Chemist: 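The structure is given below, and queries will be raised subsequently.
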Amino acid sequence: MKAIYPGTFDPVTHGHMEIIRRAALIFPKLIVAVAEDTTKKTLFSLNERADMLRNEVSCCPKVAKRVQVMHFAGLLVDFVAANGPAVVLRGLRAAADFEYEFQMAYMNNKIDSAVETLFMPANEASHFISSRFVKEMARLDGDVTQFVSENVAMKLRSKLLCQ
Ligand code: ADP
């Protein structure tokens, strides 16, 4: 079965890419679904977030073969119904992620019982990386190249300069 990995990806980090690489070894097809309707106020537009992801994925041909970057508006369960059958994949970092992720998985399954969520634990090296902190660090002119690719770091610099 294929998997759908939804998120805001504002912007994509090494943590997201680590999940994508591992998932691409397991699932024959992985749809990375960039959310348009998010409660988070995003720094990057929907197209910018999706383009950065496509760029990261294209750097690894083995992964690129199995991964498709799409975007969706509205409910995730509707996107899954339209593009499934598929399981929803989410990355889990520290315990802090758990409550929110658990609730979301439960709600989605309540709306559509065909929607199952699988969690993949973050690895040791990237479990502390979050898009939010990367943006905060970049705003304060910190070096974020440990956490995101050169391309994303460059996009962050030019976006923040324009603000
Ligand atoms: P959302 O706004 O939907 O939480 P994010 O872009 O913040 O979107 O995250 C998308 C998914 O990636 C979530 O499941 C999140 O827990 C996971 N994730 C984010 N950062 C990491 C990381 N460093 N390691 C593993 N998973 C991560």
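This chain uses plain numbering: 1 for the first residue, then up along the sequence. Every number for a ligand or one of its atoms is a count from 1 in the order of the listing. This is a predicted model, so every value here is computed, not measured.
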Chemist: Could you tell me if Thr145 and Asp143 have a donor-acceptor pair between their side chains, going purely by distance under 3.5 Å?
Modeler: yes
Chemist: Can you tell me if Asp97 has a non-hydrogen atom under 4.0 Å from ligand 1?
Modeler: yes
Chemist: Could you measure the distance from the OG atom of Ser113 to the CG atom of Asn108? Nearest 0.5 Å is fine.
Modeler: 12.0 Å
Chemist: With heavy atoms of Gly15 as the reference, note each atom of ligand 1 found under 4.0 Å away.
Modeler: 22 (C), 23 (N), 24 (N), 25 (C)
Chemist: Name the closest protein heavy atom to atom 16 (O) of ligand 1, giving the residue it belongs to and the distance to 0.1 Å.
Modeler: Gly91 O, 2.6 Å
Chemist: Considering only heavy atoms, which of Arg93, His127, Glu18, Arg132 lies nearest to atom 20 (N) of ligand 1?
Modeler: Arg93
Chemist: Strictly under 4.0 Å, does any heavy atom of His14 approach an atom of ligand 1?
Modeler: no
Chemist: Would you check the N or O atoms of Pro6, main chain and side chain alike, for any that come under 3.5 Å of an N or O of ligand 1?
Modeler: no
Chemist: For ligand 1, which atoms, with element, lie under 4.0 Å from some heavy atom of Phe9?
Modeler: 6 (O)
Chemist: Atom CG in Asp97, atom CZ in Phe119: separation rounded to 0.5 Å?
Modeler: 9.5 Å
Chemist: If you measure from each heavy atom of Tyr5 to ligand 1, is any distance below 4.0 Å?
Modeler: yes
Chemist: Identify, for atom 24 (N) of ligand 1, the protein heavy atom at the shortest distance, and state residue, atom and that distance.
Modeler: Ala122 CB, 3.4 Å
Chemist: Considering all heavy atoms of both residues, which atom of Phe9 and which atom of Arg49 are nearest to each other, and what is their separation?
Modeler: O-CG, 3.2 Å
Chemist: Does any N or O of ligand 1 fall below 3.5 Å from an N or O anywhere on Ser126, backbone included?
Modeler: yes
Chemist: With a heavy-atom distance limit of 4.0 Å, tell me whether Lys40 approaches ligand 1 through its side chain, its backbone, both, or neither.
Modeler: side chain
Chemist: Looking only at protein heavy atoms, identify the closest one to atom 8 (O) of ligand 1 and say how far it is in Å.
Modeler: Thr8 N, 3.0 Å
Chemist: Just how far is it from atom CD of Gln68 to atom CD1 of Ile4, taken to the nearest 0.5 Å?
Modeler: 10.0 Å
Chemist: Is there a donor-acceptor pair under 3.5 Å between the side chain of Ser126 and the backbone N or O of Ile129?
Modeler: no
Chemist: For a 4.5 angstrom cut-off between non-hydrogen side-chain atoms, does Leu76 reach Val115?
Modeler: no
Chemist: Examine ligand 1 and decide if any of its atoms is less than 4.0 Å from a heavy atom belonging to Ser130.
Modeler: no
Chemist: Check His14, His16, Arg22 against Glu18 for a side-chain hydrogen bond (donor to acceptor under 3.5 Å, both in side chains) and give me the one that passes.
Modeler: Arg22
Chemist: Please report the interatomic distance NZ(Lys135) to CG(Asp10), rounded to the nearest 0.5 Å.
Modeler: 3.5 Å
Chemist: Please state which option from Arg49, Glu101, Arg90, His16 has its nearest heavy atom closest to atom 5 (P) of ligand 1.
Modeler: His16
